[in-house]
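Values below: all heavy atoms of this structure, side chains included; hydrogens, waters and symmetry mates excluded.
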Amino acid sequence: MTLSQGRLGWLGVGVESTPGSPVAITDYIPFTENTLKGMAPPLAADGAYQNRNANFSSVDGQKWGEGSVKINLDTNKIGLFLYSAYGSLNTANVQSGVNDHTFSPLNVNTPKTLTLVNDRVVDRQYFPGSVVDKLTIATKDGISEAAMDIK
């Protein structure tokens, strides 16, 4: 029997230029909570097949992933999720090595998508075409947290 100690898993993120086209990981996110999971309800194959059982077998239907990720707010990590949530990014150079990033809502039907790679030590899940459905930032006890609902 193997023993796993310490942090279990990691979450890799990459920003897609074309929705649904997977890209390489550009950053790793140190999460405090991660409930991402794959969803795939089966479609019943209810043909006769010379068998009167209603559920003889099934086939894969629609597949998607959903869940939430919570992180301690880090200005170097939150930008990936803000870009997916808002859709528009304007970067201005303030001085050498200092940039000012402005995120604003983009009113188009094509969302800004992310490729997420969720490593849970025992397996690895790939979620291309992921979008931030809801983003919440909360501050308490001196630490800010960001929670993202992802679909």
Side-chain angles (χ1 to χ4, degrees), residues 2-46 57-151:
T2 60
L3 176 65
S4 296
Q5 278 187 294
R7 182 166 203 69
L8 295 178
W10 47 264
L11 180 65
V13 181
V15 177
E16 298 175 355
S17 55
T18 304
S21 297
V23 296
I25 295 171
T26 57
D27 211 345
Y28 293 90
I29 307 300
F31 56 84
T32 57
E33 193 175 302
N34 181 353
T35 63
L36 287 175
K37 61 185 176 290
M39 307 291 287
L43 299 174
D46 57 359
S57 65
S58 62
V59 295
D60 284 341
Q62 183 181 11
K63 296 179 185 179
W64 75 96
E66 64 182 37
S68 63
V69 175
K70 188 181 286 187
I71 64 172
N72 289 331
L73 190 62
D74 181 347
T75 56
N76 293 322
K77 308 291 184 191
I78 191 65
L80 296 164
F81 298 105
L82 287 172
Y83 181 62
S84 178
Y86 283 102
S88 178
L89 168 64
N90 185 18
T91 302
N93 189 308
V94 177
Q95 67 182 37
S96 179
V98 178
N99 292 321
D100 183 21
H101 303 288
T102 304
F103 297 92
S104 55
L106 186 62
N107 295 321
V108 297
N109 287 335
T110 306
K112 299 299 180 187
T113 57
L114 305 171
T115 294
L116 300 177
V117 180
N118 188 25
D119 185 284
R120 302 183 301 181
V121 179
V122 296
D123 67 351
R124 192 170 287 171
Q125 298 172 314
Y126 297 91
F127 299 106
S130 299
V131 294
V132 175
D133 187 39
K134 181 180 175 185
L135 187 137
T136 306
I137 296 176
T139 302
K140 59 182 177 186
D141 299 330
I143 294 181
S144 294
E145 289 182 336
M148 288 76 60
D149 289 344
I150 297 172
K151 292 195 177 193

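The salt bridge (Lys or Arg N to Asp or Glu O under 4.0 Å) search around K63 returns D60, not counting sequence neighbours. Listed by chain and residue number, T35 satisfy the side chain to side chain donor-acceptor pair (under 3.5 Å) test with S68 (two or more places apart in sequence, or in another chain). Residues that satisfy the side-chain contact (heavy atoms from CB on, under 4.5 Å) test with L73, not counting sequence neighbours, are I78, I137, S144, A146. With sequence neighbours left out, the side chain to side chain donor-acceptor pair (under 3.5 Å) criterion links T113 to E16. Residues passing the side-chain contact (heavy atoms from CB on, under 4.5 Å) test with N99, sequence neighbours excluded: T91, N93, H101. Listed by chain and residue number, T136, D149 satisfy the side-chain contact (heavy atoms from CB on, under 4.5 Å) test with K134 (two or more places apart in sequence, or in another chain). Checked against ring-ring contact (aromatic ring centres under 6.0 Å, His included), Y28 has the following partners two or more places apart in sequence or in another chain: W10. In this structure E66 satisfies the side chain to side chain donor-acceptor pair (under 3.5 Å) test together with W64, sequence neighbours excluded. D141 meets the salt bridge (Lys or Arg N to Asp or Glu O under 4.0 Å) test with no other residue; sequence neighbours excluded.
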Quiz item: Does the side chain to side chain contact (heavy atoms under 4.5 Å, CB included) test come out yes or no for D133 and I150, once each step is laid out?
Solution: CA-CA 5 Å; D133 187 39; I150 297 172; over 6 Å; no
Quiz prompt | Criterion side chain to side chain contact (heavy atoms under 4.5 Å, CB included) on L135 and L82, from CA distance to verdict | solution = CA-CA 8 Å; L135 187 137; L82 287 172; 4.0 Å; yes
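In this structure, OG1 on T32 lies 5.5 Å from CG on N72, to the nearest 0.5 angstrom. One distance of note links CG of L11 with CZ of R120; it measures 12.0 Å at 0.5 Å rounding. Distance NZ/K151 to CG/L36: 12.5 Å, rounded to 0.5 Å.
Residue pairs meeting the salt bridge (Lys or Arg N to Asp or Glu O under 4.0 Å) criterion with at least one partner in residues 22-32, sequence neighbours excluded, are D27-K77. Every pair passing salt bridge (Lys or Arg N to Asp or Glu O under 4.0 Å) that includes a residue from residues 92-119 is listed here, sequence neighbours excluded: D119-R124.
When all heavy atoms of V132 and F81 are compared, the pair lying nearest together is CG2-O, 3.7 Å. Between L114 and L80, the shortest heavy-atom distance links the atoms CD2-O, 3.9 Å. The minimum heavy-atom distance linking G20 with P128 is given by the pair O-CB, 4.1 Å. Nearest heavy-atom pair, V23 versus T115, reported as atom, atom and distance to 0.1 Å: N-OG1, 3.2 Å.
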Would you be so kind as to tabulate the donor-acceptor pairs closer than 3.5 Å made by side chains of residues 103-110, with sequence neighbours excluded?
none

